[in-house]
**Student:** 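Please find one structure pasted underneath; my questions will follow.
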Amino acid sequence: METIYFDNNATTPMDDRVFEILVRSFQLGLKNPASQHELGRQSRKQLEATRRRIEGLLGCDQQGSKEDSAVFTSGGTEANNLALLGICASFLPRGRLIISAIEHPSVTMAAEVLAKDGWDLQIINTLSNGKIDLNHLGSLLNDETRLVSVMLANNETGVIQPIADVVALCKNHGTLVHTDAVQAVGKMPVDFQLLGVDALSLSAHKIHGPVGVGALLIKSGCPVTPVLHGGFQQNGLRPGTEACPLPIAFSKTLELYLDHQEANISQLLDLQQQLENGVFGLFPAAVVVGQKSQRLPQTSCISFPGVDRQALMMALDVAGVCCSTGSACASGSSEPSPVLVAMGLSEDVTEGAIRFSLSIFNTPKEVGAVIEILSEILPLLSV
Ligand code: PLP
């Protein structure tokens, strides 16, 4: 039995070409880029060229004295923590912090830490189509609001959020905006300057890069206070010896996937359509969560009302299909997904929802096989 991997929003398989670069970079034996000798200087040069390349690929402003910058982190979680904790720590007195109800736990939990520290944390309501409620955001914003964090696209439903509108609303109050673009990069156009946000989080392992590296893009002038302490690396914003091969491999994966983005999106859309049409053919009562909204092409959150999601996920697992019942960071929990609950979906929809997340390494044959497996499993699980 061959395993079919439809859990790419949790992590993607590394692209062989990226793996090759990663191994070659390790073999090169790059030295500590903070060392002052020739070998250290060579590593520094390579690391800084990589940083510039990533900034360029993602549309950072690299002109003149007001340059945006990329700070390398261990991944999306750390980038989100640096954004929330680091930006908020730059403000005294504390003020209001606004996040949406559908953020990844790395945003939600960092915000809760800030709330315990005296920040006035407010949560934006979610509409039943999976988008944030902009009217509610408008009513929450005040002149004490220091930061708003809204993800670019949701990891569970794939619903793309109206970031341009968020930025426009926040500008009226001089409020900074952070967006978590971890799931969006490579699956929709992402241009830091065009988005107009002040900080943006990334992670390499969601687009066929290595796990253990991500970045926070920071707009020139956006205040960020370090969260970690202990060195001058990365302008003191993220101290610790830089693992040069990881950003180098990250840069390669961005090059590969941004260069072929349109073709990849089109391939993913075909697979998404095949999967969702196949499911509706089998189970007409199925609900594709956020179906009427603009969604990422690799994500289908499908509910089978009357079917228990845990039982379905386990039955699929036994049949060799990997998918999930929500964010990998929240898995293990038997509670329904907070994202679907925030959308106000009925209990039979939240209880029966499974996330299939595909990648360009998946094939129409695999989608056909999953539909076939579902056709055998669903009649056994339906009440
Ligand atoms: N943000 C979103 C939207 C995610 O989906 C994830 C991972 O699932 C993260 C952040 C965390 O990224 P990482 O696994 O690189 O820490």
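Treat the numbers as computed from the prediction; the structure is a model and nothing was measured. Order of listing sets the numbers, starting from 1, for every ligand and every atom in it.
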**Student:** Is it the side chain, the backbone, both or neither of T11 that has a heavy atom closer than 4.0 Å to ligand 1?
**Tutor:** neither

**Student:** By number and element, which atoms of ligand 1 are closer than 4.0 Å to a non-hydrogen atom of N80?
**Tutor:** 1 (N), 10 (C)

**Student:** Look at the side chain of Q298 and the backbone N and O of S357, then say whether any donor-acceptor pair between them is shorter than 3.5 Å.
**Tutor:** no

**Student:** Take Q122 and D120, measure what side-chain hydrogen bond (donor to acceptor under 3.5 Å, both in side chains) needs, and give me the verdict at the end.
**Tutor:** CA-CA 6 Å; Q122 299 290 328; D120 170 19; 2.8 Å; yes

**Student:** What part of V182, side chain from CB on, backbone N/CA/C/O, both or neither, has a heavy atom under 4.0 Å from ligand 1?
**Tutor:** side chain

**Student:** Heavy atoms only, cut-off 4.0 Å: how does E78 contact ligand 1, side chain, backbone, both, or neither?
**Tutor:** neither

**Student:** Counting only nitrogen or oxygen atoms and a 3.5 angstrom limit, does H205 reach ligand 1?
**Tutor:** yes

**Student:** Using a 4.0 Å cutoff against the non-hydrogen atoms of Q183, which atoms of ligand 1 qualify?
**Tutor:** 3 (C), 4 (C), 5 (O)

**Student:** Any sub-3.5 Å donor-acceptor pair from N81's side-chain atoms to T77's backbone N or O?
**Tutor:** yes

**Student:** I'd like to know whether ligand 1 has K206 as a neighbour, heavy-atom separation below 4.0 Å.
**Tutor:** yes

**Student:** With heavy atoms of M151 as the reference, note each atom of ligand 1 found under 4.0 Å away.
**Tutor:** 3 (C)

**Student:** Can any side-chain N or O of S203 pair as donor or acceptor with the backbone N or O of K206 at less than 3.5 Å?
**Tutor:** no

**Student:** Counting from 1, what ligand 1 atoms have a heavy atom of D180 closer than 4.0 Å?
**Tutor:** 1 (N), 2 (C), 3 (C), 10 (C)

**Student:** Yes or no on side-chain hydrogen bond (donor to acceptor under 3.5 Å, both in side chains) for N80 and D180, after CA distance, side-chain angles and deciding distance?
**Tutor:** CA-CA 7 Å; N80 283 340; D180 172 351; 3.0 Å; yes

**Student:** Between the side chains of K45 and E38, is the shortest nitrogen-to-carboxylate-oxygen separation below 4.0 Å, so that they form an ion pair?
**Tutor:** no

**Student:** Which pair of heavy atoms, one from D61 and one from D68, lies closest together, and at what distance?
**Tutor:** N-OD2, 2.6 Å

**Student:** Pull out every atom of ligand 1 sitting under 4.0 Å from any heavy atom of G75, numbered as shown with elements.
**Tutor:** 15 (O)

**Student:** Please confirm whether G76 comes within less than 3.5 Å of ligand 1 when only nitrogen or oxygen atoms on both sides are compared.
**Tutor:** yes

**Student:** Donor-acceptor pairs are to be reported for all side-chain atoms of residues 366-380 against protein atoms at under 3.5 Å, with residues two or more places apart or in another chain.
**Tutor:**
{"unit_1": "E366", "atom_1": "OE1", "unit_2": "N362", "atom_2": "ND2", "d": "2.9"}
{"unit_1": "E366", "atom_1": "OE1", "unit_2": "T363", "atom_2": "N", "d": "3.0"}
{"unit_1": "S375", "atom_1": "OG", "unit_2": "E372", "atom_2": "O", "d": "2.6"}

